[in-house]
Amino acid sequence: MNRREGNRADLEKRPHDVASMFDQVAERYDITNDVISLGQDRRWRTQLTAALAVQPGEYVLDLAAGTGVSTVPFHRAGATAVACDFSLGMLQVGKRRHPELTFVAGDGMNLPFADDSFDAVTISFGLRNISDTSVALSEMLRVAKPGGRLAIMEFSDPTYKPFNVIYNEYLMRALPPVARAVSSNPEAYVYLAESIRAWPNQDALAALLDDAGWSQVEYRNLSGGIVAIHRAFKPHQSDARISDSAELPGEGAADRKG
């Protein structure tokens, strides 16, 4: 096992290592993210909630939900929202802070839910921590109902190339010292910076969604491409096209439609 100082995972993303790392940062995870993103994470989450367009009475699965911060808006919208994560430490903190939510321990590559269970599935800043992205996308497709919606929010590649250089310098040089000041395990944020740099760009992730069987794949860049929201739909059994009159909210028109 290649754990390093501070008990952080590496880019092999062994589930036990990643879960253990998140267990250690659970208590201060939300405030650390707020500081590191300069408060932008709250605006990004608002955009994700709008993209998923949850309706009262729907069943929503929020994967890599951590302490449930990302799940709360769906609960408030009147949905039955399930916060799923494989870090027991995160789930424990989340249950204490949000007793109104349903928390379930689960692995994104082997979800503990029946086929065709959810009207909507979402994952925020967690897909890149799963060791096999394609398997995770297939599992999300399996548990979504026919016609069900998927929204993925993840760090991505800035669209302005000179800024991309500055952004990567921030990730590797500035982010760890900032995390050291506010996090209980700053070494974990070295892994997070590495995982962001190694993550596929917007078009590559869209292609993975296509390959997994999702339809009408599109994405929206936020904050100049630092973050992207990918949205897709599970095809009906008849393979009929899904009507989608709602525009994916964000900065301008959708960047890619499939």
Side-chain angles (χ1 to χ4, degrees), residues 7 9 13-34 37 41-42 44-46 48-49 51-133 135-145 148-154 183-185 188 191-192 229:
N7 190 27
K13 303 177 186 178
R14 297 179 182 88
H16 181 272
D17 290 2
V18 176
S20 178
M21 180 187 72
F22 279 106
D23 288 345
Q24 291 196 356
V25 301
E27 196 65 45
R28 296 182 61 82
Y29 183 73
D30 295 327
I31 190 171
T32 302
N33 286 346
D34 203 31
S37 71
D41 61 320
R42 283 172 279 181
W44 295 334
R45 292 186 191 282
T46 297
L48 179 75
T49 301
L52 208 58
V54 170
Q55 301 298 313
E58 289 189 320
Y59 287 85
V60 178
L61 175 60
D62 186 15
L63 291 173
T67 62
V69 168
S70 57
T71 318
V72 169
F74 309 127
H75 175 78
R76 290 177 177 168
T80 298
V82 176
C84 181
D85 202 290
F86 67 174
S87 166
L88 296 181
M90 286 284 197
L91 295 174
Q92 289 166 359
V93 172
K95 190 61 180 176
R96 187 176 74 245
R97 293 178 182 172
H98 300 290
E100 75 279 11
L101 298 180
T102 299
F103 289 88
V104 175
D107 183 345
M109 296 189 297
N110 186 21
L111 294 173
F113 307 106
D115 296 357
D116 305 331
S117 295
F118 294 95
D119 298 287
V121 180
T122 183
I123 184 168
S124 302
F125 306 118
L127 185 56
R128 74 181 190 284
N129 296 321
I130 300 175
S131 60
D132 193 320
T133 304
V135 171
L137 293 175
S138 295
E139 272 294 274
M140 294 177 204
L141 185 73
R142 179 183 66 79
V143 302
K145 296 178 181 179
R149 312 179 302 282
L150 173 69
I152 298 169
M153 184 162 64
E154 191 53 87
S183 174
S184 57
N185 181 9
Y191 156 76
L192 292 175
I229 295 175

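Side-chain contact check for His75 versus Val60: every heavy-atom pair is 4.5 Å or farther apart. Glu154 has its side chain within reach of Phe125: a pair of non-hydrogen atoms, C-beta onward, lies under 4.5 Å apart. No side-chain heavy atom of Ile130 sits under 4.5 Å from any side-chain heavy atom of Leu63. Between Ser117 and Leu61 there is no side-chain heavy-atom pair separated by less than 4.5 Å.
Scanning all heavy atoms of the two residues, the minimum distance from Ala51 to Ile229 falls at CB-CG2, 4.1 Å. Closest approach of Thr67 and His98 over heavy atoms only: O-CD2, 3.3 Å. Closest approach of Ala83 to Leu91, counting heavy atoms only: O-CD2, 4.2 Å. Counting all heavy atoms, side chain and backbone alike, Gly66 lies closest to Asp85 at N-OD2, 2.8 Å. The nearest pair of heavy atoms linking Arg45 to Ser70 is NH1-CB, 3.3 Å. Of all the heavy atoms in Thr49 and Pro73, the pair that sits closest is OG1-CB, 3.6 Å.
For Phe74, there are no ring pair (Phe, Tyr, Trp, His ring centres under 6.0 Å) partners at least two apart in sequence or on another chain.
Remark: side-chain polar atoms of Asp119 are paired, donor with acceptor, to backbone N or O of Tyr59 under 3.5 angstrom. When atom types are taken as modelled, the side chain of Arg142 and the backbone of Leu111 share a donor-acceptor pair closer than 3.5 angstrom. Of the possible polar contacts, none joining the Ser124 side chain to the Met153 backbone as a donor-acceptor pair under 3.5 Å is found. At distances below 3.5 Å, at least one donor-acceptor pair connects side-chain atoms of Arg149 with backbone N or O atoms of Leu52.
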Between Thr80 and Thr102, does a side chain to side chain contact (heavy atoms under 4.5 Å, CB included) hold up when you go through it step by step?
CA-CA 8 Å; Thr80 298; Thr102 299; 5.7 Å; no
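Other residues, nucleotides and ligands place more than 12 heavy atoms under 6.0 Å from the CZ atom of Phe103.
Here OG of Ser138 is found 8.5 Å from CG of Asp132. Values are rounded to the nearest 0.5 Å. The CE atom of Met90 sits 11.5 Å away from atom CG of Leu88, with the distance rounded to the nearest 0.5 Å. To the nearest 0.5 angstrom, Leu101 atom CG is 7.0 Å from Lys95 atom NZ.
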